[in-house]
Participant: 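Before I ask anything, here is the structure I am working with.
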Amino acid sequence: MPVSRFSEEIAFRSRRFRHLAILRLVIAAAYLILEVFLNPADASSFKVLCSLLFAAYAILIFVFREQPELRNYAVSIQFADLIFTVILVLLSDTGHAALPLLMFYFLLTEASLLHGAREVLIISAVCIVFYAAWLASEEARRFEFSFGSFMFLLVVGGALAYYFSRQVVRMENRIAELLRNTTGQSEAEIAPAIESALGELSRWMRSSGSILALWSDDIGYVAICRHPTQSGPEEKAVATFDASREWACFQGERMDFYSNDVSLVDKAGKPIERTFDLHPYVIQKFEIYNGLGCALFDGERPIGRILLINSIGEIRRRHWKKLQDITPYFRDAVRHLLVIKQTEHAAYEREHGRIAHDLHDGPLQSMISF
């Protein structure tokens with residue numbers, strides 16, 4: 001299940017990348033036609049050179065759009081698109097104001113489809129600043145129209161920034177609400193809530209799966225809860241805590257990490273020195289390619305960890321920071337569950353002692369006497 005979902009998300013991302021490559025090529029062709037071929041008298045050598053470089057760059061991205069290695073450099077491509085946009089907008093003829101607008105929206109679309117809200121905010125701010133510089137270079141007779149365009153860009157950029165920021169806040173509140181409702185519930189009720197929260201977290205962080213491991217050394221209890229659930233068909237799968245000493249391998253010393261490659265060996269077969277503690281059995285069991293993790297602490301004592309595995313995009317430090325902001329909600333739910341397990345364990349030990357005492361003073365003593 002995690003592998004198939006991982007493949008589907010990669011296919012979605014590939015289609016987005018392909019559509020953006022086609023749109024970039026169309027914009028490059030339109031710029032060449034409108035700014036160079038139709039106005040050769042106004043086209044300086046530097047403008048022609050930049051236009052041809054942008055067209056060649058767009059053609060290369062289009063030709064090699066199916067290469068996975070190229071999609072790994074999506075951030076660098078976004079930066080190159082921004083640089084070309086800034087240069088071409090400043091060189092653009094004032095009579096073709098639609099081209100800067102089109103390139104501005106292309107950058108916003110690229111940032112939202114391949115990256116996230118942070119990139120949309122950055123792109124909006126940078127584009128507005130340079131668009132203002134482009135306005136300053138226009139003729140006075142066009143200032144009224146251009147100022148209206150600038151205000152339109154400002155409103156649209158602000159609306160998009162608010163929308164993406166609001167989506168982040170809503171997701172955080174959704175996860176917090178799911179986990180907040182676990183207080184006072186039984187183990188059977190806590191498991192579905194945690195599984196749902198892990199699902200929301202996976203979708204938010206664009207990961208194919210997530211795992212919550214928890215343990216208590218005092219009672220020797222170790223368990224995991226995962227999304228998606230493993231038992232039975234998807235429509236009938238029931239979220240549970242899989243309690244087994246097998247999952248003790250989730251414990252470690254360096255549990256906070258993010259990595260785009262969790263390989264055990266390099267291409268030459270030599271062991272890789274890693275800066276995180278992720279047991280080889282866990283990597284093989286859950287077929288982990290990349291991931292990020294965060295430890296859960298009760299005071300100074302570790303009581304669990306969260307793993308997000310097989311992220312669709314490149315994992316960066318900001319994703320890890322985002323996970324750290326969410327972990328306190330999971331920590332409270334895990335702490336409540338461990339209190340339940342410790343109470344059950346204490347009751348079991350008391351009952352075990354009572355039965356042993358009754359046997360010693362009752363039938364067992366009589367048998368020994370006989």
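Bear in mind that the values here come from a model prediction, so they are computed numbers and not experimental data.
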Participant: Are the side chains of L338 and W215 in touch, meaning some heavy atoms are under 4.5 Å apart?
Facilitator: no
Participant: If Ile, Leu, Val, Met, Phe, Trp and Tyr residues are connected whenever their side-chain heavy atoms lie under 4.5 Å apart, and connections chain through other members, are I27 and V48 in the same group?
Facilitator: yes
Participant: Who pairs with S216 by side chain to side chain donor-acceptor pair (under 3.5 Å), at least two apart in sequence or on another chain?
Facilitator: Q342
Participant: Are the side chains of I211 and F286 in touch, meaning some heavy atoms are under 4.5 Å apart?
Facilitator: yes
Participant: Which residues pass the side-chain contact (heavy atoms from CB on, under 4.5 Å) test with L60, sequence neighbours left out?
Facilitator: F64
Participant: Between D256 and A295 (side chain of the first, backbone of the second, donor and acceptor by atom type, cut-off under 3.5 Å), is there such a pair?
Facilitator: yes
Participant: Looking only at heavy atoms, which two atoms of D218 and R301 are closest? And how far apart?
Facilitator: OD2-NH1, 3.1 Å
Participant: Give a yes or no on whether L178 and L308 share a hydrophobic cluster (residues Ile, Leu, Val, Met, Phe, Trp, Tyr; joining criterion: side-chain heavy atoms under 4.5 Å apart).
Facilitator: no
Participant: What pairs with S186 under side-chain contact (heavy atoms from CB on, under 4.5 Å), at least two apart in sequence or on another chain?
Facilitator: A188, E189
Participant: Do you reckon I61 sits in the same ILVMFWY cluster as L20, going by side-chain contacts under 4.5 Å, direct or chained?
Facilitator: yes
Participant: When rounded to the nearest 0.5 angstrom, what distance separates CZ in R316 from CG in L292?
Facilitator: 12.5 Å
Participant: Run the numbers on F241 and I194 for side chain to side chain contact (heavy atoms under 4.5 Å, CB included), then give the verdict.
Facilitator: CA-CA 10 Å; F241 289 103; I194 289 184; 3.7 Å; yes
Participant: Atom CG of N260 and atom CD1 of I315: how far apart are they, to the nearest 0.5 Å?
Facilitator: 5.0 Å
Participant: What do the steps show when you test L214 against L337 for side chain to side chain contact (heavy atoms under 4.5 Å, CB included), and what is the final call?
Facilitator: CA-CA 9 Å; L214 59 149; L337 177 65; 3.4 Å; yes
Participant: Quick one: are R24 and Y57 in side-chain contact, heavy atoms under 4.5 Å?
Facilitator: yes
Participant: Run the ring-ring contact (aromatic ring centres under 6.0 Å, His included) test against F54 and tell me which residues pass, sequence neighbours left out.
Facilitator: F84
Participant: Is D277 reaching over with its side chain to a backbone N or O of E253, donor-acceptor style, under 3.5 angstrom?
Facilitator: yes
Participant: Does a side-chain heavy-atom distance below 4.5 Å link L278 with I283?
Facilitator: yes
Participant: Run the side chain to side chain donor-acceptor pair (under 3.5 Å) test against Y221 and tell me which residues pass, sequence neighbours left out.
Facilitator: none
Participant: Could you give the distance from CE (M255) to SG (C294), rounded to the nearest 0.5 Å?
Facilitator: 9.0 Å
Participant: Please round to the nearest 0.5 Å and tell me the distance separating atom CG of L212 and atom CD of E195.
Facilitator: 11.5 Å
Participant: Let me confirm one number: the OG-CD1 distance from S208 to I309, rounded to the nearest 0.5 Å.
Facilitator: 5.0 Å
Participant: Can you give the donor-acceptor pairs under 3.5 Å from side chains of residues 326-334 to other protein atoms, not counting sequence neighbours?
Facilitator:
from, atom 1, to, atom 2, distance (Å)
T327, OG1, Q324, O, 2.8
D332, OD1, R335, NH2, 2.8

Participant: Please examine the side chains of N310 and R206, heavy atoms only from C-beta on, and report whether any two atoms are closer than 4.5 Å.
Facilitator: no
Participant: Would you please name every residue forming a side-chain contact (heavy atoms from CB on, under 4.5 Å) with H336, sequence neighbours left out?
Facilitator: I190, I340
Participant: With a 4.5 Å cut-off on side-chain heavy atoms, are L201 and I306 touching?
Facilitator: yes
Participant: List in chain and number order the residues that pass side-chain contact (heavy atoms from CB on, under 4.5 Å) with A193, two or more places apart in sequence or in another chain; answer none if no residue qualifies.
Facilitator: T182
Participant: Would you please say whether a donor-acceptor pair under 3.5 Å links the side chains of S207 and S202?
Facilitator: no
Participant: Is there a path of hydrophobic side-chain contacts, each under 4.5 Å between heavy atoms, that joins L32 and L23?
Facilitator: yes
Participant: Filter on salt bridge (Lys or Arg N to Asp or Glu O under 4.0 Å), then keep only pairs touching residues 174-187, sequence neighbours left out; what's left?
Facilitator: R174-E200, E177-R180, E187-K341
Participant: Could you check whether any side-chain heavy atom of R18 comes within less than 4.5 Å of a side-chain heavy atom of F62, counting everything from C-beta outward?
Facilitator: no
Participant: Quick one: do F79 and I77 end up in the same hydrophobic cluster if we chain Ile, Leu, Val, Met, Phe, Trp and Tyr together by side-chain heavy atoms under 4.5 Å apart?
Facilitator: yes
Participant: Holding to side chain to side chain donor-acceptor pair (under 3.5 Å), I want the full list of residues that pass it with Q251, two or more places apart in sequence or in another chain.
Facilitator: none
Participant: Can you name the ring-ring contact (aromatic ring centres under 6.0 Å, His included) partners of F276, sequence neighbours left out?
Facilitator: F257
Participant: Given side chains that start at C-beta, do those of Y258 and R317 come closer than 4.5 Å, heavy atoms only?
Facilitator: yes
Participant: Going from CG on L179 to CD1 on I175, what distance comes out if it is rounded to the nearest 0.5 angstrom?
Facilitator: 7.5 Å
Participant: Using side chain to side chain donor-acceptor pair (under 3.5 Å) as the criterion, list what pairs up with W247, not counting sequence neighbours.
Facilitator: D242
Participant: Which atom pair, heavy atoms only, marks the closest approach of G293 to L307?
Facilitator: CA-CD2, 3.9 Å
